[in-house]
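Beneath this line is the structure, given in structure tokens, with notes to follow.
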Amino acid sequence: MHSTIFQVSKQKMEKDDHLSNYDIADYDYGKFGIDWVGDEREDEDGFNGFVNATPSELFTVNRDNRSVTVNRDNVRLILRRMINTIRDYANALNEDNITNWMETYNLEHSIENYLGNNALFYYENELMSLNQFIKDVACGDCTTLYIGAMLDYHI
């Protein structure tokens with residue numbers, strides 16, 4: 001598995017606060033191999049990666065100050081879409097295909113990341129899946145989030 005870990009915070013971060021490969025050790029997701037850590041030269045790719053890894057209606061990206069604004073009006077829409085995706089995969093299971101690893105994998109993966117990618121988010125000092133990140137943002141009161149480091153990883 002190969003993807004990106006995005007560091008997201010409620011406060012603006014200085015370069016010294018950015019996540020490094022030493023901060024990501026053994027998590028529930030497994031042992032990580034960090035290939036690179038994003039910096040200013042890779043902001044465009046990093047922000048494009050963030051946009052592609054998250055629901056487009058949920059965040060408005062501000063590249064100038066390395067932040068995203070949470071579009072509160074769309075939170076319920078995103079949560080409903082997340083639930084519907086998980087429900088669709090669960091309803092697709094039956095006694096004939098439950099032993100097919102792909103059917104059960106699709107359900108498991110949709111619970112972690114309903115968009116189907118492998119992006120992870122380091123938010124509030126915790127590494128989490130997209131679905132958990134969205135739930136934390138939805139339940140929080142913060143409207144602006146700041147992007148720190150972007151780490152390319154493989155397990």
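We use all heavy atoms of the structure for the numbers below, so side chains are in, but hydrogens, waters and symmetry mates are not. Not measured: the values here are computed from a predicted model.
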Heavy-atom closest contact ([X] atom, [Y] atom, distance):
X    : Y    : result
A149 : L151 : CB-CD1, 3.8 Å
L79  : A138 : CD1-CB, 4.0 Å
V70  : C142 : CG2-O, 4.0 Å
N117 : H109 : O-NE2, 3.2 Å
M13  : I147 : CE-C, 3.6 Å
A53  : F6   : CB-CE1, 3.8 Å

Under a 3.5 Å distance rule, please check whether [X] uses its side chain to pair with a backbone N or O of [Y] as donor and acceptor.
X   : Y   : answer
N52 : G49 : no
N71 : N74 : no
N91 : D88 : no

Just wondering, do [Y] and [X] contact through their side chains at under 4.5 Å, heavy atoms?
X    : Y    : value
N65  : K12  : yes
R72  : T143 : yes
L93  : Y89  : no
V68  : Y146 : no
I98  : E103 : no
N118 : N113 : no
S67  : L145 : no
H18  : Q7   : yes

Please report the interatomic distance [atom1]([X]) to [atom2]([Y]), rounded to the nearest 0.5 Å.
X    : Y    : atom1 : atom2 : answer
E112 : Q132 : CD    : CD    : 9.0 Å
I86  : I111 : CD1   : CD1   : 5.5 Å
E57  : L77  : CD    : CG    : 6.0 Å
T85  : L107 : OG1   : CG    : 11.5 Å
Q11  : D17  : CD    : CG    : 9.5 Å
Y114 : I83  : OH    : CD1   : 11.0 Å

For this output row, return yes or no: ring centroids of F59 and F50 closer than 6.0 angstrom.
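They qualify: ring centres under 6.0 Å apart.
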Between [Y] and [X], is there a side-chain donor-acceptor contact under 3.5 Å, judged purely by atom types and distance?
X    : Y    : result
R81  : N84  : no
N131 : S129 : no
T69  : N62  : no

Evaluate the criterion side chain to side chain contact (heavy atoms under 4.5 Å, CB included) for residue pair F121 and L127; output intermediate values, then yes/no.
CA-CA 6 Å; F121 300 84; L127 190 63; over 6 Å; no
Return yes when atom CG of D141 has more than 12 non-hydrogen atoms of other residues, nucleotides or ligands closer than 6.0 Å, and no otherwise.
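Open: at most 12 neighbouring heavy atoms sit under 6.0 Å from CG of D141.
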Residues M128, D136; criterion side chain to side chain contact (heavy atoms under 4.5 Å, CB included); working and verdict
CA-CA 10 Å; M128 58 185 64; D136 283 12; 3.3 Å; yes
Applying side chain to side chain contact (heavy atoms under 4.5 Å, CB included) to M150 and I5, what does each step give before you reach the verdict?
CA-CA 6 Å; M150 293 155 272; I5 299 169; over 6 Å; no
